[in-house]
Amino acid sequence: MTDLSKKISRLPGRIEHAPENFVADELVGAIHAHGMDASRRDFLRRSFVAASAATGALAASTAQAGADHPGFDGEAAILTLPAHSTSLGHPVAYRAYGLPSQFEANLQRRESPGLTKRRESGVAFTPLQGLFGIITPSGLHFERHHAGWHDIDPATHRLMINGLVATPKVYTVGELMRLPSVSRMHFIECGANTAMDWGGPTVPSVQYTHGMLSCSEFTGVPLSLLLDDCGIDRSNARFILAEGSDGAALTRTIPIERALDDVLVAWGMNGEMLRPENGYPLRLVVPGAQGVSWVKWLRRIEVGDAPYATREESTQYTDLMPDGLQRQYGLVQECKSVITTPSGGQRLLDKGFYNITGLAWSGRGKVSRVDISTDGGRNWQAARLESPVLTKCLTRFNFDWQWDGKPSILQSRAIDETGYVQPKINALRTVRGTRSVYHNNAIQSWRVETSGEVMNVQIS
Ligand SMILES: Nc1nc2c(c(=O)[nH]1)N[C@H]1C(S)=C(S)[C@@H](COP(=O)(O)O)O[C@H]1N2
Ligand SMILES: [Mo]
């Protein structure tokens, strides 16, 4: 067996590239200070306690629990009724709108300090390491704002459709909600997700490498229905422009084939109205497209015959290619996956069984397969895809693993229904160079040290 550590590049001293107007220098230190969540590191410790109890190693688990909670005798606890077993609990509707347990208080959206100068033009990352299944709880959906968020009164909000239509119209939110709606589960990923790692491994945890990714059930009216309602000029219409009503007046061009396909004007997210941070009361849902096209606080859609070359598609959100040209109008998020446990910042407590789990997705359709490697990409085995496997939606995968206590490199590689295979980082760099910011869909590597510590690494 060759020494894997020779192939590993460690954290670089400074960061070459990062998304969206960031300031680099204090970044690594600041993220280490803020990003490592002590209680989430214990996640694997707690799972281990449960697993060892189940296999009869009760003494070990009792000692472990005692060490975690001084004064708590794990074994005797099952024989002694605690206070909550002998008293009344909180009344119904004590919290009219429910909240997570106080013991889950560390599971939060977090900012990467140093990433942006102004928090109104910032990112809050989803804690993927602490989530199960495929749906992101609405309160943990990532946030990306160019000019801050507003809580807009739906009674006064309007959506205008104009341009190459027979009858330009202005809709109230109530009028839109009377129309036939659909509900669909889709992921949304910022084009800058994983951007920090173009130049090498930088941020320590999956929250910061991949947390500009969330998945929800969205409810809304198909945009095609509205465009037909306004009498779209189908022979001349080539593109639409979607415009937000925030101070950024965020605008993006979308090709008409996409606009007439599966795009929604949405008001619902996970069964309730959109959260203000995510565009309340109206946002565009553009399944499979990069996040910036999902215009929030949507106020206007113009139908045109040419791309609009707005700020967010000419000076921003372009990919600098090795030949110096900028690639514009990136739309689709290519197939990608990541292991969320074990992942950077977590620690494995002992040899033995672990469930490797993670997420896979493709902007072009369904995920058809995910392979797992535990030896840095030399051997691959298929993971189990959990149902449902939906188009342009997160897919959860699981894989049984016995850790032998030796250094290991964990990787996942997704393949979508078009046959596209998620690339290695070096293959991506060969085509795209090292100056790109957006659209890094490379295979992620997590190195497990003999100590059980899990680290973000890149291997050649
Ligand atoms: N009006 C408006 N829409 C917007 C943005 C914005 O700043 N203003 N940010 C865009 C970007 S860059 C992304 S990645 C997604 C983020 O959506 P979220 O905050 O709901 O996660 O919204 C997009 N839509
Ligand atoms: Mo974004």
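In each ligand, atom 1 is the first atom listed, and ligand 1 is the first ligand listed. Bear in mind that the values here come from a model prediction, so they are computed numbers and not experimental data.
The atoms of ligand 1 that sit less than 4.0 Å from any heavy atom of I188 are 17 (O). Of all the atoms in ligand 1, the ones that sit under 4.0 Å from a non-hydrogen atom of V295 are 3 (N), 24 (N). Listed by number with element, the atoms of ligand 1 under 4.0 angstrom from any heavy atom of G244 are 1 (N). Heavy-atom contacts of N278 reach the following atoms of ligand 1: 18 (P), 19 (O), 20 (O), 21 (O) (cutoff under 4.0 Å). Below 4.0 Å from some heavy atom of H141 lie the following atoms of ligand 1, by number and element: 18 (P), 20 (O), 21 (O).
Across R252, K296, R283, heavy-atom proximity to atom 19 (O) of ligand 1 is greatest for K296.
Between W149 and ligand 1 there is no heavy-atom distance shorter than 4.0 Å.
Side chains of Q444 and N456: a donor on one and an acceptor on the other come within 3.5 Å. Side chain to side chain, E417 and S368 fail the donor-acceptor criterion of an N or O pair below 3.5 Å. Inspection of the T126 and S214 side chains reveals an N or O donor paired with an N or O acceptor under 3.5 Å. Looking at S205 and Q129, their side chains never bring a donor and an acceptor atom within 3.5 Å of each other. A donor-acceptor pair shorter than 3.5 Å can be found between the side chains of T418 and D416.
With a 4.0 Å heavy-atom cut-off, ligand 1 is reached by the backbone of C190 and by its side chain too. When non-hydrogen atoms are compared, ligand 1 lies under 4.0 Å from the backbone of W294 (N, CA, C, O) but not from its side chain. Contacts of Q290 with ligand 1, taken as heavy-atom pairs under 4.0 Å, are absent altogether. With a 4.0 Å cut-off on non-hydrogen atoms, M212 does not touch ligand 1 at all. Contacts between L298 and ligand 1 below 4.0 angstrom, taking non-hydrogen atoms only, are absent altogether. At a heavy-atom cutoff of 4.0 Å, ligand 1 is contacted by the side chain of D246 but not by its backbone. Contacts between L250 and ligand 1, counted as non-hydrogen atom pairs separated by less than 4.0 Å, involve the side chain only.
Distances between N or O atoms of H145 and those of ligand 1 include no value under 3.5 Å. Polar contact check, R144 against ligand 1: a nitrogen or oxygen pair lies under 3.5 Å apart. Annotation: S245 places no N or O atom under 3.5 Å from an N or O atom of ligand 1; distance criterion only. Taking any N or O of A147, backbone or side chain, none lies under 3.5 Å from an N or O belonging to ligand 1. Close N/O approach between Y317 and ligand 1 is not found [any backbone or side-chain N/O within under 3.5 Å].
Taking the six-membered ring where the residue is Trp, Y354 and W401 present tilted rings, their angle falling between 30° and 60°. Between W149 and H145, the angle of the ring planes lies from 30° to 60°, which puts this pair in the tilted group. Under the 30°/60° scheme for interplanar angles, the aromatic rings of F125 and Y208 are found to stand perpendicular.
Between W361 and E189 the shortest side-chain heavy-atom distance falls below 4.5 Å.
Between the side chain of S373 and the backbone N or O of D375, at least one donor-acceptor pair lies under 3.5 Å. No donor-acceptor pair closer than 3.5 Å links the side chain of R311 to the backbone N or O of Q316.
Electrostatic pairing of R300 and E243 counts as a salt bridge here, judged by a charged N lying under 4.0 Å from a carboxylate O.
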